[in-house]
Amino acid sequence: DAGVTQSPTHLIKTRGQQVTLRCSPISGHKSVSWYQQVLGQGPQFIFQYYEKEERGRGNFPDRFSARQFPNYSSELNVNALLLGDSALYLCASSLAQEQYFGPGTRLTVT
Amino acid sequence: DQQVKQNSPSLSVQEGRISILNCDYTNSMFDYFLWYKKYPAEGPTFLISISSIKDKNEDGRFTVFLNKSAKHLSLHIVPSQPGDSAVYFCAASASGNTGKLIFGQGTTLQVKP
């Protein structure tokens, strides 16, 4: 079975630009969560979506938004990029309480 | 406020010996705890979990212990193998909010041959 997939793998953007990251969950998983991981820290929760509805939001500014599609795939959008948005963005899907992570998208903002 | 803490940034053990990774939490609402392993350039891999109604869960070489009164959990790996060398994260969630995991800062485990 395919695991969680994310695209792109790496991305370089300039300050002020916008970025869209994509995630496909494990087949049958209806919940998708997004996390940001900066170097030396654990992942920080950004959003959870379940059945296309936002179920939770972390302490991130409104520049961060997300959505989930009928096939349960998800997009994370970040507007007006700042240097501090440079991080590994992780997507996780779940059926129950265990979350399964994708390989992440490494975003570099210059 | 760090609700989940891993106070040891790194741990080094000899192959074949036991590795013990520790984690403390402050939020009494947490009722489910997970351990993940992470290699560089990969996403975290789920290892083992425990519900707050238990105090121990075992899966092969991995055992997680939960002490609710102390708000402390630990992951035991025995015997340790060089392939276990990675960053280990503990995470916690609260019922009704299971899609939101709160992670510790991670502990880098090095298992020496």
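Values in this document were obtained by computation on a predicted structure and should not be read as measured data. We name chains A, B, ... by the order of the sequence lines, and we start the count at 1 in each one.
- When heavy atoms are compared at a cutoff of 4.5 Å, L88(A) approaches chain B solely by way of its side chain, counted from C-beta outward.
- Inter-residue side-chain proximity for Y32(B) and E98(A) is flagged as met; some heavy-atom pair is nearer than 4.5 Å.
- Neither the backbone nor the side chain of Y49(A) has a heavy atom closer than 4.5 Å to any heavy atom of chain B.
- Cluster membership for Y25(B) and L34(B), using ILVMFWY side-chain heavy atoms within less than 4.5 angstrom, is not shared.
- Hydrophobic cluster membership differs between V38(A) and V109(A), with clusters built from Ile, Leu, Val, Met, Phe, Trp and Tyr side chains linked at under 4.5 angstrom.
- A donor-acceptor pair is defined here as one N or O able to donate and one able to accept, closer than 3.5 Å; no such pair exists between the side chain of Y36(B) and the backbone of F101(A).
- Side-chain heavy atoms closer than 4.5 Å link hydrophobic residues (I, L, V, M, F, W, Y) into clusters, and following such links, possibly through other members, connects W34(A) to L11(A).
- With a 4.5 Å cut-off on non-hydrogen atoms, L101(B) touches chain A through its backbone and its side chain both.
- Within residues 55-83 of chain A, no residue has any heavy atom less than 4.5 Å from a heavy atom of chain B.
- Scanning all heavy atoms of the two residues, the minimum distance from G99(B) to S33(A) falls at O-OG, 2.8 Å.
- Connection of L73(B) to Y88(B) is established within a shared hydrophobic cluster, with ILVMFWY side chains joined at heavy-atom distances below 4.5 Å, either directly or through further cluster members.
- Of all non-hydrogen atoms in G43(B) and L90(A), the two that sit nearest each other are CA-CD2, 4.0 Å.
- Of the listed residues P43(A), S31(A), G42(A), the one with more heavy-atom pairs under 4.5 angstrom with chain B than any other is P43(A).
- Scanning residues 46-69 of chain B against chain A with a 4.5 Å heavy-atom cutoff picks out F46(B), S49(B), ordered by number.
- In the hydrophobic clustering of ILVMFWY residues, with side-chain heavy atoms under 4.5 Å counting as a link, V87(B) and V111(B) come out apart.
- No other option in F47(A), Y35(A), Y100(A), Y50(A) has as many heavy-atom pairs under 4.5 Å with chain B as Y35(A).
- For Q6(A), no part lies under 4.5 angstrom from a heavy atom of chain B.
- Applying the salt bridge (charged side-chain N to carboxylate O under 4.0 Å, His left out) rule to K30(A) yields the partners E51(A); only residues at least two apart in sequence or on another chain are considered.
- Residues satisfying the side-chain contact (heavy atoms from CB on, under 4.5 Å) test with I12(A), not counting sequence neighbours, are T108(A), T110(A).
- Proximity to chain B (any heavy atom under 4.5 Å) is shown, for Q99(A), by both the backbone and the side chain.
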